[in-house]
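First the structure, in the form of structure tokens, and then the observations on it.
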Amino acid sequence: MGARIHSAAENEPKVALTRNKLILEQARAVGLLGTAKNTRLSGRVSSELIEAAKKRAHVTSDTELLELALSRLALEDDFGARLVKRKGSIPSDIDLGI
């Protein structure tokens, strides 16, 4: 009875940090992130958006947030688009066993 079941809210920071680490490792592996930081990105957005994104991603710096967000976007797969393109490609008379 001493074992404690952790709630999703308690595990969220750990899960987010693990996910962030994996995304950045993947970006590094394909050459998107390296040691050189040779481009500056500038734009104006609301401070509420930045703070909400940092909170959700469990990051603290603007640079960390930008690297993570851009890596996610650059590595995003096209599963949804590929799935929609396949619509109608399976014959209607196929037995799916359902």
Looking at [X] and [Y], what are the two nearest heavy atoms and their distance?
{"X": "Ile50", "Y": "Leu65", "answer": "O-CD2, 4.0 Å"}
{"X": "Lys54", "Y": "Ser61", "answer": "CE-C, 3.8 Å"}
{"X": "Ser71", "Y": "Ala27", "answer": "OG-CB, 3.5 Å"}

Rounded to the nearest 0.5 Å, how far apart are CG of Leu33 and CD1 of Ile23?
11.0 Å
If I take atom CD from residue Glu12 and atom CG from residue Leu17, how far apart are they, to the nearest 0.5 angstrom?
10.0 Å
Sub-4.5 Å side-chain heavy-atom contact between Lys37 and Thr63
yes
Is there a path from Val59 to Val45 through hydrophobic residues (I, L, V, M, F, W, Y) whose side chains come within less than 4.5 Å of each other?
yes
Check ion pair Glu67-Arg28 (N to O, under 4.0 angstrom):
no
Check this for me: [X], atom [atom1], are more than 12 non-hydrogen atoms of other residues, nucleotides or ligands nearer than 6.0 Å?
{"X": "Arg19", "atom1": "CZ", "answer": "yes"}
{"X": "Arg86", "atom1": "CZ", "answer": "no"}
{"X": "Ile90", "atom1": "CD1", "answer": "no"}

Using the rule side-chain contact (heavy atoms from CB on, under 4.5 Å), only one of Leu68, Leu75, Leu70 pairs with Arg72; which is it?
Leu68
